[in-house]
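The basis for the numbers below is simple: all heavy atoms, side chains too, and nothing from hydrogens, waters or symmetry mates. Position 1 is the first residue of the sequence, and the numbers go up from there.
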Amino acid sequence: MKRDGGSGRLFDVVWFLAWALASSAWCVTAAAQLSATFDEPFYIARGLEFWRTGSHAGLLAKGTMPLPVDLSTLPLYLWERWQGIQFDPTSDLDRLLPWARAGTLAFWWLLLAYGWRTGHHLAGPWGGRLAVAMLACEPTFLAHAKLATSDIAISACLLALVYHFRTGREAGWMRRVAIPAFWFGGSVLSKASGLMFGPLCLLVVELERLVRAGAFRSVAMPAGRWASLRDGLDRLRPFKRDAMQVIGCGLALVFVYCGSDWKQEPSFVEWAHGLPEGKVGWSMVWLAENLRIFTNAGQALVKQIQHNVRGHEVFLLGEVGRRAFWYYFPVALTIKLSLPVLIMPLLLAAIRPRALANWALLSAAALLAFSLTYRVQNGVRLVLPLVALALVGLAGAVVRACRESGSGWRRGALAAGAGAGIIWTAAAAAFVWPHGLCYTNEFWGGTQRGYLLLSDSNYDWGQGVKELARWQRLHGRGPLDVWYFGTDPILRSLPLREVRLDMPSIKGPEDVIARVRGHYLAVGTTWLYGAYIPVDRQQRYAFLRARRPVARTMTFMIYDFTQE
């Protein structure tokens, strides 16, 4: 029986609120159980610095775009003004962190809203409903929605950008250019990778639209092939014009928002003074000393590009690479995404392959192919926008496949499979609470063994200190030394002693034992199984991996050295 328009809209509202509120409750309660991740103390300190001084220099100098940080720390600044006090980002971090993390929920709801709108555009009401459900219960998304970081923000803004660009292609300038430009600016302001993600997705979306409209249909014909190809390329001219405006206006918004302190750039001045004497050298010295436009958004974008070109060591499947594994993200996604999300496209490809040909899935595929060029590989969080597009596209593909299957058994099987997949994923999120960052699907051995496959923000990102302190209180252990991958100052207020076993002065096992003799030692899994120890020093700590721990928390292995 069909619902009328009013009851259908009411059902949509109730459905959306149910998933949004349930997922937000998961995030808020989980966040309270975890200590700060590696990046969060820096974000909170620099965010408060901006609200107090008006300068983004602390963030931009590190290559960090400011929008998510500003939004997360705005409630903290308003709290300061209301109380007439000034928080210390170090000593007060434990009070500030829950409120900063709650700020990410604004982007989380934005992501769910555009997931619904995109799914509805692709496949009607049930496309939107299924998209919201798939986004809201995916453990890896929930893991980052509870943190004061930038990965949910760029996922939401990029999805909004692609949606508005696709739906506004034949509208007036406001919908066709201005609104996409706003969301492109939001994507770049959330994370520097938006500078590349946005244009690539826009190109894919336009090509899909033109192909669907038959613009390139005659290119494959032998007769007049080159003329047809030129005609097809001519069809891209309006896209080129609009895309340039979207990118230009969006970048203008980025530079205006980031602002400038109107100062010299010390590294530029130093480089100029190192040039040989002569007209060129003197000109560059004058330019460096008088070009007072720093810091600005361009500085952060360039820094991130340089970071990706340099790359760094990476850990995957128990192996350490000196620079990068080209297959890192495809493999990591098969580990970190729930099994229904991985199985669903395979089933659709076998049953109804044409259903997969929507612009959201094609954009996700393009981003996945682009990820093969990345040299910074410290977590699937770097490709969360890809996952958002893929989940929404899969939701649309499932509904379309059900619709095209008629009323036979295939339609029933697809609908039942989609429902079972949502239940499976929701159960996985419930069981992994509050350790969403550590989630590893069943195919790869489950969450308890995930540290053997991935490290850093995929497992131990420094968030386990509170859990370790609870373990110590519960078991009444004596002195506990901690080799900790993180920056949370809460460690200093707990009965724990931080030790740095990665220092050059540690030459071998005997030095480690001498440092922790008579104590228990808790070691973060990213130190035991990760890429942050140089390859030439890894053998110094291999004896810890071979030693049997007496206990463990989710992110710490605990060893007994009291009898050494």
Side-chain angles (χ1 to χ4, degrees), residues 115 118-124 126-135 137-141 159 162 166 200-201 203-214 216-217 220 326-372 380 383-426 428 441-444:
T118 304
H120 190 281
H121 173 77
L122 292 173
W126 275 108
R129 294 162 191 163
L130 186 58
V132 169
M134 291 178 67
L135 289 168
C137 62
E138 182 61 33
T140 297
F141 261 120
L159 186 57
V162 179
R166 179 63 179 83
L200 179 59
C201 288
L203 177 60
V204 172
V205 165
E206 181 69 0
L207 289 174
E208 186 271 347
R209 185 182 73 87
L210 292 176
V211 169
R212 193 174 293 276
F216 301 107
R217 190 170 299 162
W326 66 267
Y327 51 84
Y328 176 88
F329 286 105
V331 173
L333 287 170
T334 68
I335 298 171
K336 298 297 291 183
L337 294 180
S338 60
L339 282 183
V341 172
L342 300 175
I343 294 172
M344 200 176 297
L346 301 179
L347 290 177
L348 289 174
I351 297 173
R352 189 71 59 176
R354 287 189 177 182
L356 295 169
N358 62 58
W359 53 263
L361 277 174
L362 292 173
S363 297
L367 292 180
L368 181 62
F370 185 61
S371 74
L372 304 181
V380 293
V383 292
L384 278 189
L386 177 165
V387 180
L389 286 162
L391 293 180
V392 174
L394 279 175
V398 168
V399 174
R400 180 183 171 189
C402 287
R403 187 181 300 131
E404 293 177 354
S405 297
S407 58
W409 66 268
R410 286 189 178 182
R411 178 172 183 169
L414 281 171
I422 294 297
I423 294 171
W424 184 332
T425 305
N441 66 44
E442 297 84 349
F443 179 81
W444 287 95

Leu414 CG to Met344 CE distance, which is reported to the nearest 0.5 Å
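Going from CG on Leu414 over to CE on Met344, the span is 9.5 Å.
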
Within the distance-only criterion (no hydrogens, no angle test), does the side chain of Arg400 pair as donor or acceptor with the backbone N or O of Arg354 below 3.5 angstrom?
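Such a contact is found between Arg400 side chain and Arg354 backbone.
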
For the CG atom of Leu135 and the CG atom of Leu130, what is their distance to the nearest 0.5 Å?
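Reported to 0.5 Å precision, the distance equals 9.5 Å.
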
Enter the distance from Trp326:CH2 to Ser371:OG here, rounded to the nearest 0.5 Å.
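Going from CH2 on Trp326 over to OG on Ser371, the span is 10.0 Å.
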
Between atom CG of Leu337 and atom OG1 of Thr425, what is the distance when rounded to the nearest 0.5 Å?
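Interatomic distance, Leu337 CG to Thr425 OG1, rounded to 0.5 Å: 9.5 Å.
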
Between Trp424 (side chain) and Leu339 (backbone), is there a donor-acceptor pair under 3.5 Å?
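No, because the side chain of Trp424 does not come within donor-acceptor range (under 3.5 Å) of the backbone of Leu339.
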
Any side-chain to backbone donor/acceptor pair from Thr334 onto Val331? Under 3.5 Å, distance only.
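Side chain of Thr334 to backbone of Val331: a pair is present.
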
Any idea which heavy atoms bring Val392 and Thr118 closest together, and the distance?
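Heavy atoms of Val392 and Thr118 come nearest at CG1-CG2, 3.4 Å.
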
Over all heavy atoms of both residues, which pair between Arg212 and Ala357 is shortest? Give the atoms and the distance, please.
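The answer is NH2-O, 2.7 Å.
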
Taking all heavy atoms of Pro345 and all of Leu356, pick out the closest pair and write down the distance.
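Minimum heavy-atom separation between Pro345 and Leu356: O-CD1, 3.8 Å.
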
Set out, in order, the CA-CA distance, both residues' side-chain angles and the distance that settles side-chain contact (heavy atoms from CB on, under 4.5 Å) for Cys201 and Leu389, then state yes or no.
CA-CA 10 Å; Cys201 288; Leu389 286 162; 4.0 Å; yes

Check for a donor-acceptor pair, side chain of Glu138 on one end and backbone N or O of Ser338 on the other, with a separation under 3.5 Å.
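Here the side-chain-to-backbone pair exists.
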
Interatomic distance, Arg166 atom CZ to His121 atom NE2 [nearest 0.5 angstrom]:
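Spacing of CZ (Arg166) from NE2 (His121) equals 4.5 Å.
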
How close do Ala360 and Gly393 get, counting heavy atoms only, and between which atoms?
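Closest approach of Ala360 to Gly393: CB-CA, 3.7 Å.
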
For a side-chain contact (heavy atoms from CB on, under 4.5 Å) check, start with the C-alpha distance between Val387 and Thr140, then their side-chain angles and the critical distance, and finish with the verdict.
CA-CA 10 Å; Val387 180; Thr140 297; over 6 Å; no

Can you tell me how far CG of Leu394 sits from CD1 of Ile343, rounded to the nearest 0.5 angstrom?
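Ile343 CD1 to Leu394 CG: 12.0 Å, rounded to 0.5 Å.
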
Ignoring hydrogens, what is the shortest heavy-atom contact between Ala355 and Ala397? Give both atom names and the distance.
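Of all heavy-atom pairs spanning Ala355 and Ala397, the closest is O-CB, 3.2 Å.
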
As a test of understanding, state which of Val341, Leu386, Leu361 forms a side chain to side chain contact (heavy atoms under 4.5 Å, CB included) with Leu391.
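Among the candidates, only Val341 passes.
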
Which heavy atom in Trp359 sits nearest to a heavy atom in Val162, and how many Å separate them?
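Looking at all heavy atoms of both residues, the shortest contact is CZ3-CG1, 3.2 Å.
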
Would you indicate whether the side-chain heavy atoms of Ile423 and Pro340 approach each other to under 4.5 Å?
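They are not in side-chain contact.
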
Consider side chain to side chain contact (heavy atoms under 4.5 Å, CB included). Of Asn358, Leu159, Val205, Leu200, which one does Ser363 pass it with?
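Only one option passes, and that is Val205.
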
What verdict does the side-chain contact (heavy atoms from CB on, under 4.5 Å) test give for Val383 and Leu368, after you've listed the backbone C-alpha separation in whole Å, the side-chain angles of each residue and the deciding distance to 0.1 Å?
CA-CA 8 Å; Val383 292; Leu368 181 62; over 6 Å; no

